[in-house]
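Note that the coordinates shown come from a computational prediction; the quantities given were computed from them, not determined experimentally.
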Amino acid sequence: MKTIITIGRQFGSNGHIIGQKVADHFGVKCYDKELIAKVASNSGFCQEMIEQHDERPTSSFLYNLVMDTYSFGYNSSSYVDMPISQKVFLAQFDTIKKLADEGPAVFIGRCADNALSDRNDVINLFIFADEKYRVHEIMHRYPDIKTEQKAIDFMNKKDRQRQSYYNYYTSKKWGRADTYDACLNTSLLGIDGTVKLICQMVEDFETGSKA
């Protein structure tokens, strides 16, 4: 595989498992929580600090100022005065770009599609699923969530966090079809069916049969 894949995902849609299986199929790295350790080693921030701000939105700062700081360098006065959440985002953004330069990989969440928007070897995907499917997966994954309503509340909270984070740091809309190259429904295809479809998409993309 020569392609980089980014995966946005609804909570409970098994986006992480699908991304890992695709990475395993092609023999490449999958970066989800693993990205935190990479950001820590590259930036000097401790892992606990990065985890605290991982895919969590803020509302006190402008996206354009953050990206201007990235463009003009971290020595600018705006970076010095920047809240820690924005510094963590920039460190993450920078790490994603560096890892992509090292070779093909699968990136889960964290605005990776936006970080790699200047490349032409990237397929951007969004994984979603029906509420019933996601509730079942969440209750199976988290034994302390014992009712469907609690699963729904947790699911909605996590999705709101991801949506707010993505919409805040990019100029696109999380989960909207025109933001991605394809949106895939896990509850329709199942995990293995979704993985198979993604692998076929990558192979077609690399052989130039992309329409």
Item to check | Derivation of the salt bridge (Lys or Arg N to Asp or Glu O under 4.0 Å) call for Asp159 and Arg9 | outcome: CA-CA 9 Å; Asp159 277 352; Arg9 73 284 186 226; over 6 Å; no
Item to check | Lys172 vs Asp178, salt bridge (Lys or Arg N to Asp or Glu O under 4.0 Å): CA-CA, chis, key distance, verdict | outcome: CA-CA 9 Å; Lys172 298 176 288 186; Asp178 59 1; over 6 Å; no
Item to check | Test log, rule ring pair (Phe, Tyr, Trp, His ring centres under 6.0 Å), inputs Trp174 and Tyr165 | outcome: CA-CA 9 Å; Trp174 183 86; Tyr165 181 86; over 10 Å; no
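With rounding to the nearest 0.5 angstrom, the CD1 atom of Ile96 is 12.0 Å from the CG atom of Asp101. Atom CZ of residue Phe205 and atom CE of residue Met1 lie 11.0 Å apart, to the nearest 0.5 angstrom. For the atom pair NZ (Lys38) and CG (Leu35), the distance works out to 9.5 Å, reported to the nearest 0.5 Å. The structure places CE of Met139 at 6.5 Å from OG1 of Thr147, a figure rounded to the nearest 0.5 Å. The CD1 atom of Ile138 sits 9.5 Å away from atom CG of Asn14, with the distance rounded to the nearest 0.5 Å. Expressed to the nearest 0.5 Å, how far CD of Glu34 lies from CD1 of Ile108 amounts to 9.0 Å.
Put simply, the residue from Ile17, Asp24, Ile18 that forms a side-chain contact (heavy atoms from CB on, under 4.5 Å) with Val195 is Ile18.
Formation of a donor-acceptor pair under 3.5 Å by the Ser13 side chain with backbone atoms of Gln10 is found in this model. Distance alone, capped at 3.5 Å, places no donor-acceptor pair between the Thr186 side chain and the Ala129 backbone. Side-chain atoms of Thr207 come within 3.5 Å of backbone atoms of Asp204 as a donor-acceptor pair (strictly under, hydrogens ignored). The main-chain N or O of Gly175 is found under 3.5 Å from a side-chain atom of Tyr180 such that the two form a donor-acceptor pair. In terms of modelled atom types and a separation under 3.5 Å, the side chain of Lys173 and the main chain of Thr179 share no donor-acceptor contact.
Taking both residues in full, the closest heavy atoms of Ala151 and Ile145 are given as N-CG2, 3.5 Å, listed atom of the first, atom of the second, then distance. The minimum heavy-atom distance between Thr3 and Pro104, with the atom names listed, is O-CB, 3.3 Å.
Counting heavy atoms from C-beta outward, Asp192 and Lys196 have side chains that stay 4.5 Å or more apart. The side-chain heavy atoms of Glu206 and Glu203, taken from C-beta on, include no pair separated by under 4.5 Å. Contact of the Lys21 side chain with the Thr194 side chain is not registered, since no non-hydrogen atoms from C-beta on lie closer than 4.5 Å. In this structure, Ile7 and Phe107 have side chains that are not in contact, with every pair of non-hydrogen atoms separated by 4.5 Å or more. Here the side chains of Arg110 and Asp32 are in contact, with some heavy-atom distance below 4.5 Å.
In this structure, Leu197 is a member of the same hydrophobic cluster as Tyr133, with clusters built from ILVMFWY side-chain heavy atoms closer than 4.5 Å. Linking ILVMFWY side-chain heavy atoms closer than 4.5 Å, directly or via other members, places Tyr168 and Leu90 in a single hydrophobic cluster. Note: the hydrophobic cluster containing Ile152 does not contain Phe128 (ILVMFWY, side chain heavy atoms under 4.5 Å, direct or indirect links). The hydrophobic cluster containing Val106 also contains Ile198, counting ILVMFWY residues as joined when their side-chain heavy atoms lie under 4.5 angstrom apart, directly or transitively. By the criterion of side-chain heavy atoms lying less than 4.5 angstrom apart, applied directly or through intervening Ile, Leu, Val, Met, Phe, Trp or Tyr residues, Met155 is not grouped with Ile191; the two fall into different hydrophobic clusters.
Within the structure, side-chain hydrogen bond (donor to acceptor under 3.5 Å, both in side chains) pairs that include any residue of residues 122-132 comprise Thr6-Asn124, Asp130-Ser187 (at least two apart or interchain). Under the ring pair (Phe, Tyr, Trp, His ring centres under 6.0 Å) criterion, the residue pairs touching residues 3-27 are Phe11-Phe154, with sequence neighbours excluded. Within the structure, the salt bridge (Lys or Arg N to Asp or Glu O under 4.0 Å) test picks out no pair touching residues 137-153 (sequence neighbours left out).
In this structure, Phe93 and Phe89 have tilted ring planes: the angle between them lies in the 30° to 60° band.
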